[in-house]
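Working notes, beginning with the structure itself.
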There are 2 protein chains.
Amino acid sequence: MPTEQEPARTKRADAARNEKTLLAAAAEVFVSSGVDAPIREIAAKAGVGVGTFYRHFPTRADLITAVYRHQIEACAEAGPTLLAAAETPFEALRQWIDQFTDFLVTKHGLADALQSDSSTFAALHTYFLDRLEPVCAALLKAAIDAGDVQTEISALELMRGVGNLCIGRGTDPRYDPRRLIAVLLKGLRAPL
Amino acid sequence: MPTEQEPARTKRADAARNEKTLLAAAAEVFVSSGVDAPIREIAAKAGVGVGTFYRHFPTRADLITAVYRHQIEACAEAGPTLLAAAETPFEALRQWIDQFTDFLVTKHGLADALQSDSSTFAALHTYFLDRLEPVCAALLKAAIDAGDVQTEISALELMRGVGNLCIGRGTDPRYDPRRLIAVLLKGLRAPL
DNA sequence: TACTAAATGGAGCGACGTTCCGCTTTTCAG
DNA sequence: CTGAAAAGCGGAACGTCGCTCCATTTAGTA
């Protein structure tokens, strides 16, 4: 079995520089134009050609995961921490969902992309789920074991539901995802 | 004040025929390719040019509302009927939401379009809400008055929440919007 | 310095939405 | 019945976007 011992030659200096520049440009453009901003715009802002862009991020999902990797990681790591610190497992779950919601809500269009069935975003969807689903599952299981949650629901379904509810905020001030997510959690909670 | 008494000349026969043909073609294409199928495809299937398409349906939202007008109307009319027939107002609300959900879930991509903040679909969004929001509000108010619902929530928010939860079904068999909507309703319900 | 592999960039292709306007068809007054 | 005028039609054409391809440039190395 080939134990990933390959040289993994270090990237050329200019390539590394361009990648950083692209990441910064993308982060900036995402804020103003959302995660589905034109590639050309990002490449232009970074001062590189589109060919260079695609060399670094073959897929839009690659770019998005790279831009938000830190926050996804933070969210993943928050799970066990919250579980240890909170009064009850259910409270830990609630707080984790809060953090997850904040993340989605502050990134313009990210929630939309996450739920899109377009194959372009399949990888993004997969990445989020692979990383976060186990974390959410642990919290959910703890809450169930504690008897705080009776409803039968999978972590995946819960996360997708929360993600979906985060779509479209900003369009209409009368729609607040957090309120609905609170209702959803209330529905999850065992009677009494 | 000009009392809309204008002649409103009846459409030319061929124009009326083309409109019907386009509607039929669109309904068919929507089933196989979703509501965001290429305009050219619909026009081709109807055997007309794209210019003709745009003459009849200047915006995609116009087409979608025309295609689904009957079902939207049926959903709107079901409100009062259910309220009169059901055991409790909350049960009426639940059944109405069921019908609304069925409608959204069976139309490939309709829920996505409904929540999209793209200005293309703004009219669609408006049409749905103008027609259905009062109906949902009446059901919700009845349930609140009966004491079955305590949570403070607007009909608009509830409808958008349900609509959002309907997004992405079909992609993943493990995600069932109805289950989450049931949880949401449980969360709406007053304790006990 | 000279060589090579990595990296670049932007022209170009196909798909799509949308507009525009010369041509065809329907309608209806006479 | 007839012949304009009005209404409708079609599809070429333009702008935008995602993505690919490859001739050229450049960083690392001996």
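So you know, we letter chains A, B, ... as the sequences are listed, proteins then strands, and number each from 1.
- Between the side chain of Asn18(B) and the main chain of Ala15(B), no donor-acceptor pair closer than 3.5 Å is present.
- Using a 4.0 Å heavy-atom cutoff across all strands shown, Ala43(B) reaches no nucleic acid atom at all.
- Taken to the nearest 0.5 Å, the CG atom of Leu140(A) stands 10.0 Å off from the CH2 atom of Trp96(A).
- Side-chain atoms of Val50(B) lie closest to dT19(C) of the nucleotides dT19(C), dC9(D), dG17(C).
- Comparing atom distances between the Lys11(B) side chain and each of dG18(D), dG8(D), dG17(C) picks out dG8(D) as nearest.
- A cation-pi contact, defined as under 6.0 Å to the ring centre and within 45° of the axis, links Arg189(B) to Phe90(B).
- A donor-acceptor pair is defined here as one N or O able to donate and one able to accept, closer than 3.5 Å; such a pair exists between the side chain of Asn164(A) and the backbone of Ile167(B).
- A sub-4.0 Å separation between OP1 or OP2 of dG18(D) and a side-chain N or O of Arg40(A) is absent.
- Here dC19(D) presents its C1' atom at 11 Å from CZ of Phe53(A), a figure rounded to the nearest Å.
- Computed from coordinates, the Phe57(A) CZ to dC19(D) C1' distance equals 16 Å when rounded to whole Å.
- Take the nearest nucleotide of DNA chain C for Arg17(B) and for Thr120(B): the residue whose nucleotide is more 5' is Thr120(B).
- In this structure, His56(B) reaches the dC9(D) phosphate: one of its side-chain N or O atoms is under 4.0 Å from OP1 or OP2.
- Salt bridge Arg179(A)/Glu157(B): present, at least one basic N to carboxylate O contact under 4.0 Å.
- Listed by residue number, the members of residues 18-26 of chain B with any heavy atom below 4.0 angstrom from DNA chain D are Asn18(B).
- The nucleotide whose nearest atom lies closest to any side-chain atom of Tyr54(B) is, among dA5(C), dC9(D), dT18(C), dT18(C).
- Nearest nucleotide to the Pro38(A) side chain, out of dG8(D), dC17(D), dA27(D): dC17(D).
- Atom CZ of Phe121(B) is separated from atom C1' of dG17(C) by 12 Å (rounded to the nearest Å).
- Each of Gly47(A) and Ile39(B) was assigned the nucleotide of DNA chain C with the nearest heavy atom; the assignment lying further toward the 5' end belongs to Gly47(A).
- Put simply, the side chain of Arg12(A) and the base of dA7(C) share no donor and acceptor less than 3.5 Å apart.
- Between Arg178(B) and Asp102(B), at least one side-chain nitrogen of the basic residue sits less than 4.0 Å from a carboxylate oxygen of the acidic one, meeting the salt-bridge criterion.
- Following rounding to the nearest Å, Arg60(A) (CZ) and dC17(D) (P) show an atom-to-atom distance of 10 Å.
- For dG8(D), the OP1/OP2 oxygens have no side-chain nitrogen or oxygen of Thr52(B) closer than 4.0 Å.
- At distances below 3.5 Å, at least one donor-acceptor pair connects side-chain atoms of Thr65(B) with backbone N or O atoms of Asp62(B).
- Scanning atom types as modelled, no donor and acceptor separated by under 3.5 angstrom connect the side chain of Arg55(A) and the base of dT8(C).
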